[in-house]
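Written out below as structure tokens is the structure these notes cover.
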Amino acid sequence: MKLSDEQLEVFRRDGLLILPSLFSAAEVAAIRAALPPLYDEESEANIGEKAGTAPRTMMGLHQRSDLFDRLVRHPRLVEPARQIAGPDLYIQQVKVNVKAAYEGDVWQWHYDFATHHRDDGVPAPQALNLHILLDEVSHYNGPLYFIPGSHRHEPLPTFHDVTSTSYPLWVVDRETVTNLIAVGGITPALGPPGTVLIFGDLMVHGSPGNMSPWDRAIFSLILNPVANAQTAFARPEYKHHTDFSPVVPLADDCLLEPAAAQ
Ligand SMILES: O=C(O)CCC(=O)C(=O)O
């Protein structure tokens, strides 16, 4: 699958591309069906919310499930990523952010490069984050918020927030966020299941808590150019995978026809 020139221009301008219903209902159902056994696993890569028992994020999924091993090589994710970030990309991180009904907690305003650079020694902000909405995402169930144009700044100042949620994050302070929003506004990433979001390492984003009765799970794959690989290895492997071999896309029907992945 190739992005059009118009889509590439939107990505360059806004720092975010939303591709509605790129994955079919049957494909999303197959992804969702793979989740319950992973929720139930005793794994340090399953991180719970600060309060309550709901899972917050489940990581390293391509090493724990055949379905996710195929999904990280799906051409509808990998080919657009290669168009933007170059041909040789490795799988840096693979997760589902669960954001369960009533329990899903906030993700503070941040940009991913702050963590990739400060914790993992990634040299430049070249990684891409590819999301698939696994539930209908509305204004009510904790959608991602993006600040269009925030990706055009040099890396902004951040501080390490280890208390607000169960997941430590380098976050952007309120004054900086206020100034960015005054220029770019906020775009909520809403849409039906199967919608894909693509954004880069400098894009400032976050999401509010989910106080609705509706779950809001999102799959996230981060791909990074092999030439821009991590240089520091303090974080666990499931937070930044250390196999730097370039990802090779599978056939388009690899989710529903596993034989296509052979
Ligand atoms: O799932 C969310 O709401 C936020 C996820 C996020 O910010 C990220 O993956 O960097």
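Note that the numbering runs from 1 along the sequence shown for the chain. Remember, predicted model here, so these are calculated numbers, not experimental data. Atoms within each ligand, like the ligands themselves, are counted from 1 in listed order.
- Within the structure, ligand 1 lacks I218 among the residues with a heavy atom less than 4.0 angstrom away.
- Taking atom 4 (C) of ligand 1 as the reference point, the nearest protein heavy-atom neighbour is W107 CG, 3.4 Å.
- Proximity of the aromatic rings of F199 and F11 is defined here by a centroid distance below 6.0 angstrom, and this criterion is not met.
- Expressed to the nearest 0.5 Å, how far CZ of R32 lies from CG of D215 amounts to 7.5 Å.
- Regarding atom 3 (O) of ligand 1, its nearest protein heavy-atom neighbour is S207 OG, 2.6 Å.
- At a 4.0 Å heavy-atom cut-off, ligand 1 touches R216 through the side chain alone.
- Close approach of ligand 1 to L144 is summarised as follows: ligand atoms under 4.0 Å from at least one heavy atom of the residue are 3 (O), 4 (C).
- One finds a salt bridge joining R235 and D120 here, because a Lys/Arg side-chain nitrogen approaches an Asp/Glu carboxylate oxygen to under 4.0 Å.
- Annotation for D5: atom CG does not count as buried by contact number, only 12 or fewer foreign heavy atoms lying within 6.0 Å.
- Sparse packing is recorded around OH of Y140, with 12 or fewer heavy atoms of other residues, nucleotides or ligands lying under 6.0 Å away.
- Within ligand 1, counting atoms from 1 as listed, the ones closer than 4.0 Å to a heavy atom of D112 are 10 (O).
- Residue-ligand proximity, K95 to ligand 1, at heavy-atom distances under 4.0 Å covers atoms 9 (O).
- For M211, the CE atom sits in a loose shell: 12 or fewer heavy atoms of surrounding residues, nucleotides or ligands are nearer than 6.0 Å.
- The nearest protein atom to atom 5 (C) of ligand 1, hydrogens excluded, is given as N97 ND2, 3.1 Å; this is a heavy-atom distance.
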